[in-house]
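What follows is a single structure, written as C-alpha cells, with notes after it.
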Amino acid sequence: MWPWLLASSGLSALVQLVTLPFFPDSPSYLLIQKGNEEACRKAIRKLWGEGDHQAELDDIMKEKGAMASTKSLRVLEVLREPSLRWQLYILMTVMTTLQLCGINAIYFYSFEVFHTAKFEEYLIPYVSLGVGLCECLSSILCSTLIDRFGRKVLLWGGYSLMCSVLALLTMTLSLQHRFFWMHYFSVILIFLFVVFYGIGP
C-alpha cells in the first residue's frame, strides 16, 4: 500500500503539469517584466472577466514605477543595510524557530508513541498518515484564518499552543508506564501539535 501512497503525491504534480499551459500569465509579470500592456489586459480579462479594469492597471503601473526607482541589492549589501536590519532579524528568527519548533521530533517519535499506545502494527502507518493529513487540513484552515486574524496572531498563538502541547506530551510520556490511558492522551497531543503547527508557523 505504501508504494501507492508515495506515488499518489506525483498525481498532483501531473495535474499541474497538464493544466499549467492553460492558465494565464500574471498580469503584473506581463506588464512589469515583459512590458506587454495588451497581453496584460487580456490576462486580466481572462482572470476577472470583462469590465473596466483600469484601476488594476494603474496599480500595476505604480508598482512598475516603484520598482524602477528601487536599487537592486546584493546579499552583502542587504546584510549591511541598516534600514533592512530589523526585517532581516525577524526573518531569521521566524525561520530558525520553524526549524527548531519540534515538528521533526514529533514525526520521528510518533511511530514509537503509537506502538506504545498498543495500536495494531498494521494500523500504525495509517495513523501516521492521519497525522500528515491533519497538517495538510490545518494548513488549508490557516489560509482562511490569516485574513481574519493576521500572521502575527497566528504565529504567537501557534507557537504558544505548540509549547504547551510539548510540555504536556513530555509529562504524558514520562507517566505512560503508571497510567494505561496516558498512551492515548499522548496520541491526541501529537495530533493537536501537528494541527497547531499547521495553523501557526
Side-chain angles (χ1 to χ4, degrees), residues 1-23 26 75 87-201:
M1 185 67 175
W2 276 106
W4 289 105
L5 288 172
L6 286 171
S8 67
S9 61
L11 186 64
S12 61
L14 184 64
V15 169
Q16 288 181 33
L17 188 67
V18 171
T19 58
L20 199 58
F22 301 103
F23 289 148
S26 164
V75 175
Q87 292 93 320
L88 197 61
Y89 289 156
I90 291 168
L91 182 65
M92 287 170 63
T93 303
V94 169
M95 295 312 295
T96 303
T97 53
L98 188 63
Q99 293 301 314
L100 301 175
C101 69
I103 190 68
N104 294 326
I106 289 290
Y107 276 124
F108 186 78
Y109 289 109
S110 61
F111 185 88
E112 188 179 323
V113 172
F114 298 150
H115 187 72
T116 312
K118 304 291 189 291
F119 278 100
E120 295 289 339
E121 197 74 31
Y122 73 93
L123 283 176
I124 291 176
Y126 297 103
V127 179
S128 299
L129 189 66
V131 172
L133 189 62
C134 267
E135 184 180 348
C136 182
L137 293 174
S138 59
S139 298
I140 294 168
L141 178 64
C142 175
S143 64
T144 60
L145 293 176
I146 199 165
D147 291 331
R148 181 176 293 180
F149 298 108
R151 187 76 179 137
K152 194 174 181 181
V153 172
L154 289 182
L155 274 173
W156 276 107
Y159 279 124
S160 302
L161 291 168
M162 285 164 60
C163 194
S164 305
V165 168
L166 279 179
L168 285 171
L169 187 59
T170 303
M171 190 173 68
T172 57
L173 290 174
S174 302
L175 298 172
Q176 66 184 353
H177 300 296
R178 294 189 184 181
F179 307 100
F180 75 94
W181 49 270
M182 279 292 180
H183 306 301
Y184 304 107
F185 195 44
S186 299
V187 172
I188 292 167
L189 288 173
I190 285 175
F191 275 89
L192 281 175
F193 182 88
V194 170
V195 167
F196 295 146
Y197 172 80
I199 291 174

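Just the heavy atoms: all of them, side chains too, but no hydrogens, waters or symmetry mates, feed the values below.
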Practice task
Describe, in one word, how the ring planes of Phe179 and Trp181 are oriented to each other, choosing from parallel (under 30°), tilted (30 to 60°) and perpendicular (over 60°).
Solution key: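 Ring orientation of Phe179 relative to Trp181: tilted.
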
Exercise for the section: Classify the ring geometry between His177 and His183 as parallel (under 30°), tilted (30 to 60°) or perpendicular (over 60°). Expected result: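 Because their plane-to-plane angle is over 60°, the rings of His177 and His183 count as perpendicular.
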
Handout entry: Identified side-chain contact (heavy atoms from CB on, under 4.5 Å) partner of Val187 from the options Tyr184, Phe185, Phe191
Key =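 That would be Phe191; it is the only one of Tyr184, Phe185, Phe191 passing the side-chain contact (heavy atoms from CB on, under 4.5 Å) with Val187.
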
Handout entry: Passing candidate, side-chain contact (heavy atoms from CB on, under 4.5 Å) with Ile106, options Leu189, Leu166, Val113
Key =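 The option that passes is Leu166.
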
Minimum heavy-atom distance between [X] and [Y], given as atom pair plus value:
{"X": "Ser186", "Y": "Leu169", "value": "O-CD1, 3.7 Å"}
{"X": "Met162", "Y": "Tyr197", "value": "SD-CA, 3.7 Å"}
{"X": "Gly200", "Y": "Arg151", "value": "O-NH1, 3.1 Å"}
{"X": "Cys142", "Y": "Gly198", "value": "CB-O, 3.6 Å"}

Practice task
Show your reasoning for whether side chain to side chain contact (heavy atoms under 4.5 Å, CB included) applies to Tyr159 and Cys101.
Solution key: CA-CA 8 Å; Tyr159 279 124; Cys101 69; 4.0 Å; yes

Rounded distance [0.5 Å steps], [atom1] in [X] versus [atom2] in [Y]:
{"X": "Leu145", "Y": "Ile140", "atom1": "CG", "atom2": "CD1", "value": "12.0 Å"}
{"X": "Thr172", "Y": "Ile190", "atom1": "OG1", "atom2": "CD1", "value": "8.0 Å"}
{"X": "Leu141", "Y": "Cys136", "atom1": "CG", "atom2": "SG", "value": "11.5 Å"}
{"X": "Thr93", "Y": "Leu155", "atom1": "OG1", "atom2": "CG", "value": "11.0 Å"}
{"X": "Leu129", "Y": "Ile124", "atom1": "CG", "atom2": "CD1", "value": "13.5 Å"}
{"X": "Leu168", "Y": "Leu173", "atom1": "CG", "atom2": "CG", "value": "11.0 Å"}

Practice task
Determine, step by step, whether Val165 and Phe196 satisfy the side chain to side chain contact (heavy atoms under 4.5 Å, CB included) criterion, reporting the C-alpha distance in whole Å, the side-chain angles of both residues, the deciding distance to 0.1 Å, and the verdict.
Solution key: CA-CA 9 Å; Val165 168; Phe196 295 146; 3.7 Å; yes

Practice task
Please indicate whether Gln87 has more than 12 foreign heavy atoms, meaning atoms of other residues, nucleotides or ligands, lying under 6.0 Å from its CD.
Solution key: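 Enclosed: over 12 neighbouring heavy atoms sit under 6.0 Å from CD of Gln87.
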
Practice task
Assess whether atom OH of Tyr109 is packed by more than 12 heavy atoms of other residues, nucleotides or ligands within 6.0 Å.
Solution key: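 Result for OH/Tyr109: open.
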
Problem - Sub-4.5 Å side-chain heavy-atom contact between Met95 and Leu98 - result: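 Answer yes - side chains close enough.
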
Handout entry: Pairwise side-chain contact, Phe114 with Val131, heavy-atom cut-off 4.5 Å (strictly under)
Key =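 Heavy-atom side-chain distance check passes, below 4.5 Å.
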
Practice task
Would you check, one step at a time, whether the test side chain to side chain contact (heavy atoms under 4.5 Å, CB included) holds for Phe111 with Val127?
Solution key: CA-CA 9 Å; Phe111 185 88; Val127 179; over 6 Å; no

